[in-house]
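Report on one structure; see the data block that follows.
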Amino acid sequence: MSFLLPLASESVTARMEFFTNLSYQTVGVMIVLTSLCGLAILVALVARLLSFFPSSKKPATTAPSPQAPATVVAEGVPAEIRAVIAAAIHVTLKSPHRILHVEPVQNLQLHAWSVEGRRQIFQSHTFR
């Protein structure tokens with residue numbers, strides 16, 4: 001029976017080590033989560049601080065308009081495409097603007113670049 005005593009003491013020691021390690025891991029996770037929350041709050045504060053400073057960038061193809069958020073006048077461009085362009089400008093610039101000119105691409109060489117890009121993307125995939 002004396003040979004059972006070391007086995008019993010080892011299991012108690014192993015359990016104590018597990019709970020000791022668990023407490024260290026719990027403290028470590030709490031430190032990481034607290035640090036991440038602090039960084040998120042810092043980033044939010046910096047974003048709010050930067051929102052007070054107006055952006056001085058003005059796009060070259062648009063002019064400010066106090067009337068409407070976006071006005072598109074273009075011949076040969078479908079209404080859906082004009083609506084998407086106007087919405088993208090409104091969301092991006094976050095201020096009322098008037099679109100002065102929109103026209104479809106007439107140069108087919110520019111289209112070749114997009115075809116080449118798609119070819120490279122499809123070529124980079126491996127087939128199963």
Side-chain angles (χ1 to χ4, degrees):
M1 282 292 184
S2 64
F3 65 89
L4 293 178
L5 287 175
L7 292 176
S9 65
E10 283 182 22
S11 65
V12 171
T13 307
R15 276 193 224 136
M16 290 177 63
E17 284 182 18
F18 172 76
F19 287 116
T20 303
N21 290 339
L22 184 64
S23 67
Y24 285 129
Q25 290 175 356
T26 304
V27 169
V29 167
M30 295 305 290
I31 289 172
V32 168
L33 290 177
T34 304
S35 301
L36 289 175
C37 288
L39 285 173
I41 291 170
L42 181 67
V43 167
L45 289 174
V46 169
R48 184 165 292 226
L49 178 69
L50 291 177
S51 69
F52 289 118
F53 299 108
S55 176
S56 62
K57 291 188 221 176
K58 295 288 182 185
T61 60
T62 61
S65 169
Q67 305 154 359
T71 305
V72 178
V73 178
E75 303 275 333
V77 178
E80 295 86 10
I81 301 297
R82 291 184 296 189
V84 168
I85 292 170
I89 289 175
H90 179 71
V91 168
T92 303
L93 299 179
K94 295 185 174 45
S95 64
H97 279 76
R98 182 177 47 215
I99 300 171
L100 299 178
H101 186 72
V102 175
E103 68 180 55
V105 175
Q106 300 297 327
N107 190 351
L108 294 178
Q109 289 179 341
L110 294 177
H111 180 67
W113 282 106
S114 64
V115 171
E116 176 63 19
R118 286 188 193 99
R119 186 194 65 77
Q120 288 180 0
I121 289 171
F122 288 133
Q123 190 177 17
S124 68
H125 298 314
T126 57
F127 294 106
R128 295 183 210 187

**The single option from Leu22, Thr26, Thr20 passing side chain to side chain contact (heavy atoms under 4.5 Å, CB included) against Tyr24** =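 The side chain to side chain contact (heavy atoms under 4.5 Å, CB included) with Tyr24 is passed solely by Thr20 among Leu22, Thr26, Thr20.
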Other cluster members, [X] - Ile/Leu/Val/Met/Phe/Trp/Tyr, side-chain contacts below 4.5 Å:
| X | answer |
| --- | --- |
| Leu33 | Val29 |
| Val84 | none |
| Val27 | Ile31 |
| Val32 | Leu36 |

**Asked** Hey, are the side chains of Arg82 and Pro78 touching, using non-hydrogen atoms and a 4.5 Å cut-off?
**Response**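 In short, these two side chains do not touch, never coming nearer than 4.5 Å.
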**Message:** If we count only N and O atoms by modelled type, under 3.5 Å, do the side chains of His97 and Ser95 hold a donor and an acceptor together?
**Reply:**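 There is such a pair between these side chains.
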**Asked** Considering residues at least two apart in sequence or located in another chain, which fulfil the side-chain contact (heavy atoms from CB on, under 4.5 Å) criterion with Gln120?
**Response**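 So Gln120 forms a side-chain contact (heavy atoms from CB on, under 4.5 Å) with Glu116.
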Report all side-chain donor-acceptor pairs from residues 40-48 shorter than 3.5 Å, counting only partners two or more places apart or in another chain.
none

**Message:** Let me confirm one number: the CD1-CD1 distance from Ile99 to Ile89, rounded to the nearest 0.5 Å.
**Reply:**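 Ile99 CD1 to Ile89 CD1: 3.5 Å, rounded to 0.5 Å.
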